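Here's the structure, in structure tokens; my notes come after.
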Amino acid sequence: MADDNMNGLGWFLAGLGIGALVGVLYAPKSGRETREDLAAQARDAKEKANQYVDQGREQINDYVDKGRTQWSQYVDKGKDFLAQQQEKVASAVDTGKQIYQEKVESQTY
């Protein structure tokens, strides 16, 4: 049984060696060229990833700016509404004071 395992391992290693030899013999480029190509592809992938990151940042900044603009518009509308209400209340108070003074002045003691 141990002999069979060693025999199988031997054939595996022989196949591995033959496969490596065939790969080297039929490789379209040298190791240095292959490494340079892989490095160039990695740089290209990194550049593309950076472009996607930049596009994402731009979109997020656009959404944030749009949100700030909308928030600012809502705040301004709220301020305008409060100013209108304040004017109405002030007008009502002034009218109430005027009517009260007229009533007090018209009463005789």
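From a predicted model like this one, the values you see are computed outputs, not experimental measurements.
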Exercise. With rounding to the nearest 0.5 Å, note down the distance linking CZ in Phe81 to CD in Gln86.
Key: 12.5 Å

Quiz prompt | Worked verdict on Lys79 versus Leu82 for side-chain contact (heavy atoms from CB on, under 4.5 Å) | solution = CA-CA 5 Å; Lys79 286 179 181 178; Leu82 287 175; 5.8 Å; no

Quiz item: Roughly how far, to the nearest 0.5 Å, is the CD1 atom of Ile60 from the CG atom of Asp65?
Solution: 12.0 Å

Exercise. Drop me the distance from Trp11's CH2 to Leu16's CG, to the nearest 0.5 angstrom.
Key: 14.5 Å

Quiz prompt | Heavy-atom pair of closest approach, residues Arg43 and Glu36 | solution = NH2-O, 4.5 Å

Quiz item: Backbone N or O of Glu102 within a donor-acceptor pair of the Ser106 side chain at under 3.5 Å?
Solution: yes

Quiz item: If you measure from CG on Asp94 to CD1 on Ile99, what distance do you get to the nearest 0.5 Å?
Solution: 11.0 Å

Quiz item: Can you tell me how far the CD atom of Gln84 sits from the CD atom of Glu87, to the nearest 0.5 Å?
Solution: 7.0 Å

Quiz item: To the nearest 0.5 Å, what is the distance between CG (Asn50) and CZ (Arg57)?
Solution: 8.5 Å

Quiz item: Can you check whether Ser91's main-chain N or O pairs, donor with acceptor, with Thr95's side chain at less than 3.5 Å?
Solution: yes

